[in-house]
Amino acid sequence: MSYPWQKPGLTPDQQAAAVVAAMTTDEKFAWLSGPMAIPLTKDDKLPPEAIGSAAYYPAIPRLGIPALQQSDASLGVSALGGVRPGDHATALPSSLALGASFDPQLAEASGELLGREAFSKGFNVQLAGGANLIREPRGGRNFEYISEDPLLTGIIAGHSVRGIQSQHVVSTVKHFAVNAQETGRVLADSRLNESALRESDLLAFELAIEIGEPGAVMPGYNLINGHWASENAFLLSQVLKGDWRYPGWVMSDWGATHSATKAALAGLDVQSGANLDQQVWFDRPLREAVDRGEIKATKIDEMIRRILRSLFACGAIQHPAQRGRPIDYSWHQLIAQREAEQGIVLLKNDRNTLPLAPELSRILVVGAHADQGVLAGGGSSAVTPQGSLQFEGVDFMGIQTPKVYHPSSPLAAIRHNSLAKRVDFVSGESLDEALTAAEGSDAVIVFAEEWRSEALDAQGLSLDAHQNQLITRLSAVHSTVIVVLQTGGAVTLPWLESVPALLEAWYPGSGGGEAIAGVLFGRVNPAGRLPITFPADDQQLPHPTQKDPNTTTSLPGVEITGEVFEIDYNVEGADVGYRWFARQQHKPLFPFGFGLSYTQFRYENLQLSQTYGKISASVTLTNSGERSGSEVVQIYLRPVSGRYPSRLVAFKKVTLDAGESQRIDLGIEPRVIAQWDCTQQHWSITGEEVEIYQASDASSVGLTATVTLAAQSFGYPRH
Ligand code: BGC
């Protein structure tokens, strides 16, 4: 038997149109809203076909259309609330680690892994692609996002999405847009003028969408300039579906829909997690809106066509997901380990403390359950492989989500990598025990942690007082205290001067322990670079104070008691992260782009060319040290007039053997150096003199060349 969409030679749009034409009204509405496919009470029953995940929409067997089975998220196939007991999955390192790799190929490989696992578990939609710009350094979900820079975020998120979709699994990008904090996330109104919005947060999404062609976009919980993201006509209709000609579907976040007519007309196609909303808007109220003539029946068809079009475009209908297909977890763990290795950032290495010599005779490992595993971020993205250590976490959308340590023990890996006679472990809970154990050790490796979760912002940038005290006290009595951070973002480090070596390992995932040990002992030459600025203190931030999370309801599915409140992101505008620090002339603790290596790199002969307004840079890079290693070539631009602070305009990760040289060519994306002209509704590059320079981070300047930009403007085809 063949289905209408199987006629040879049809494009995804034509295939989708053929299916829509054959669907009944009820079949259509069954796909326009759905509850969370996780029972929230013991009376909630899942349909027998639902695998158990974020969402399920029924199959249409007579048309050869499989059910939509949607799973979270960017860091692995999660099973929120233990919905699939005993389920195992590979936990990828946090997206910050991927950002720190500055490596699009790695992003694609980790996306492929995610897509393969999702496909083999029966899922055809992965709620991945976290592409929010890290505007609020204390944001609870920063570990799910990539960086504070639109170019880096867009490229890495885009490649990750491309990897997922190569496995016939649709990926989202989320949470569109300016969804920068968790505190009061359903009430926070992000205020940002259009130019700044287009040049920062939207640019990250725009690039990610161009590169990855995600099948779906998920608006955030928040409001943007007075309208909830899920019913924001400017964002969804004018920019996404209009200017960017986005052909896929827009699905709301779970419990983030607030209306039927307004939302549908603004461009929302599906109400997800409808049981968490005040009501199911996209069924009866939407049908009634059609009956009243507020919404055309063809609009309903368009909403469905967009879903089907995306499914066809990535082959999710032609190659239905195969639940139960074997997964090679050992291979996947190695991929996760490699990603963690590429994302670890060496922040300090005085006296060449690292790599550690294998022949040290006594090592002490302290803290953060390093004898058991590595920390993971919490919330809907949390993957809980078998053997994870779990503690009480947060109550989130009525579901308990634990604080999880992935079963990849740094202690075991350190023992494995070292020839030391003794590698001891203490929990660090008792200062006295740790100080006593440190006596006679050749090196003390302290694991410091900071747990973040969806629905829970960090309050301030500090580690907890006990850990700060532990490190201060240990470094007062021992000269070789090495600190390994596992954090969900930037933290302050009051003891920095007194420790010789420091690593940022983020949340490093299923191969995290091995990856950390690999860097400590030199099997891996660290190459990660900070994708976010580490501020010296909260006072340097555009918004030094935070809203008290206890005064605002932050969860859907819970009665919203607070009032909508504004966050004025016009304070920093498009100057997010390092650009803000440059504008204010603040000296950060560690700048964006910073990271050390066990080798050295030399740059020579920076040259620029400008053809038809498109600028390229080239530079010769030499590994002038004694071991092979990777460098992230970073190119920044700043106007000679100082009119705006410098911007990262190109980057490339390059691996060279000791002594090897390579000429590196980098193209510069025009939108990154343009300003958005609101009146004309186009991008505009001012014909002015700029410095284009190579730098090892956002606070330094290396080889520099000056060029006068060709004045130009460019926009979008009018719709
Ligand atoms: C999160 C989304 C997630 C969804 C489904 C929401 O709370 O914000 O990122 O995809 O839940 O679990």
Side-chain angles (χ1 to χ4, degrees), residues 93 96-106 147 152 156 337-358 417 443 445 482-485 496 499-506 508 514-534 578 588-604 606 619-636 648 650-664 666 693-703:
L96 277 172
L98 199 54
S101 78
F102 280 71
D103 187 342
Q105 274 70 46
L106 188 69
S147 84
L152 178 59
I156 297 294
Q337 179 185 324
R338 189 170 140 62
E339 188 186 325
E341 289 170 358
Q342 295 302 310
I344 292 175
V345 186
L346 178 61
L347 289 172
K348 186 171 180 190
N349 195 17
D350 285 359
R351 312 189 308 263
N352 290 331
T353 301
L354 297 177
L356 290 169
N417 277 266
I445 306 172
I482 297 151
V483 178
V484 179
L485 296 170
L496 182 60
V499 304
L502 173 69
L503 293 181
E504 171 58 88
W506 315 109
E514 276 301 330
I516 292 168
V519 172
L520 290 173
F521 288 91
R523 177 180 57 74
V524 176
N525 188 351
R529 301 289 181 263
L530 287 182
I532 47 174
T533 306
F534 271 46
Y578 64 89
L589 193 57
F590 290 109
F592 172 89
F594 179 79
L596 302 170
S597 166
Y598 296 151
T599 187
Q600 293 86 45
F601 292 95
R602 191 176 68 233
Y603 286 87
E604 286 156 311
L606 172 70
V619 69
T620 302
L621 177 70
T622 303
N623 179 345
S624 55
E626 284 174 2
R627 55 161 79 209
S628 66
S630 302
E631 165 74 328
V632 177
V633 179
Q634 300 171 46
I635 305 290
Y636 293 84
L648 179 74
F651 65 87
K652 201 176 235 173
K653 175 97 170 259
V654 184
T655 302
L656 296 178
D657 282 336
E660 200 187 350
S661 288
Q662 209 178 93
R663 188 86 192 141
I664 316 292
L666 305 106
Y693 59 95
Q694 163 274 321
S696 51
D697 57 64
S699 288
S700 62
V701 177
L703 298 175

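In this text, all values refer to a predicted model and were calculated from it rather than measured experimentally.
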Less than 4.5 Å apart, side chain to side chain, heavy atoms only: is that true for [X] and [Y]?
{"X": "L596", "Y": "L347", "value": "no"}
{"X": "L503", "Y": "P526", "value": "no"}
{"X": "N349", "Y": "Y598", "value": "yes"}
{"X": "Y578", "Y": "I532", "value": "no"}
{"X": "I482", "Y": "L356", "value": "yes"}
{"X": "I635", "Y": "L648", "value": "no"}
{"X": "F594", "Y": "T533", "value": "no"}
{"X": "V483", "Y": "L496", "value": "no"}

Looking at every heavy atom in both [X] and [Y], which two are closest together, and how far apart are they?
{"X": "P93", "Y": "P508", "result": "CG-O, 3.4 Å"}
{"X": "A658", "Y": "G625", "result": "CB-O, 3.5 Å"}
{"X": "I156", "Y": "P104", "result": "CD1-N, 3.9 Å"}
{"X": "R602", "Y": "S624", "result": "NH1-CB, 3.9 Å"}
{"X": "L703", "Y": "L606", "result": "O-CD2, 3.4 Å"}
{"X": "T622", "Y": "G659", "result": "CG2-O, 4.3 Å"}

Inter-residue atom distance [X].[atom1] - [Y].[atom2], 0.5 Å rounding:
{"X": "S147", "Y": "F102", "atom1": "OG", "atom2": "CZ", "answer": "7.0 Å"}
{"X": "L98", "Y": "E339", "atom1": "CG", "atom2": "CD", "answer": "4.5 Å"}
{"X": "I664", "Y": "Q694", "atom1": "CD1", "atom2": "CD", "answer": "11.0 Å"}
{"X": "T655", "Y": "Q342", "atom1": "OG1", "atom2": "CD", "answer": "7.0 Å"}
{"X": "L530", "Y": "L96", "atom1": "CG", "atom2": "CG", "answer": "9.5 Å"}

Original post:
Taking atom types as modelled, is there a side-chain donor on T599 or R627 under 3.5 Å from an acceptor on the other?
Top reply: no
Original post:
Hey, what's the ring geometry for Y636 with Y693, parallel, tilted or perpendicular (30° and 60° as the breaks)?
Top reply: parallel
Original post:
For atom CD of Q600, is the number of surrounding heavy atoms from other residues, nucleotides or ligands below 6.0 Å larger than 12?
Top reply: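 Yes, enclosed.
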Original post:
Could you walk me through whether V619 and E604 pass the side-chain contact (heavy atoms from CB on, under 4.5 Å) check?
Top reply: CA-CA 6 Å; V619 69; E604 286 156 311; over 6 Å; no
**OP:** Check the pair V633 / L621 against side-chain contact (heavy atoms from CB on, under 4.5 Å), numbers first and verdict last.
**Re:** CA-CA 8 Å; V633 179; L621 177 70; 4.0 Å; yes
Subject >> Partners passing side-chain contact (heavy atoms from CB on, under 4.5 Å) against S699 (at least two apart in sequence or in another chain) >> reply: P588, P591, D697
**OP:** Can you spot which of S597, S630, S628 makes a side chain to side chain contact (heavy atoms under 4.5 Å, CB included) with N525?
**Re:** S597
Original post:
Excluding sequence neighbours, so at least two apart, what forms salt bridge (Lys or Arg N to Asp or Glu O under 4.0 Å) with K348?
Top reply: D350
Original post:
Do you know which of R529, K653, K652 makes salt bridge (charged side-chain N to carboxylate O under 4.0 Å, His left out) with E631?
Top reply: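 Going through the options one by one, the only one that passes is R529.
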Which pairs of donor and acceptor atoms, one on a side chain in residues 515-524, lie under 3.5 Å apart (sequence neighbours left out)?
residue : atom : partner : partner atom : Å
R523    : NH1  : E341    : OE2          : 3.1
R523    : NH2  : E341    : OE2          : 2.9
R523    : NH2  : E514    : O            : 3.2

**OP:** Assess whether side-chain contact (heavy atoms from CB on, under 4.5 Å) is satisfied between W506 and V345, documenting all intermediate values.
**Re:** CA-CA 9 Å; W506 315 109; V345 186; 4.0 Å; yes
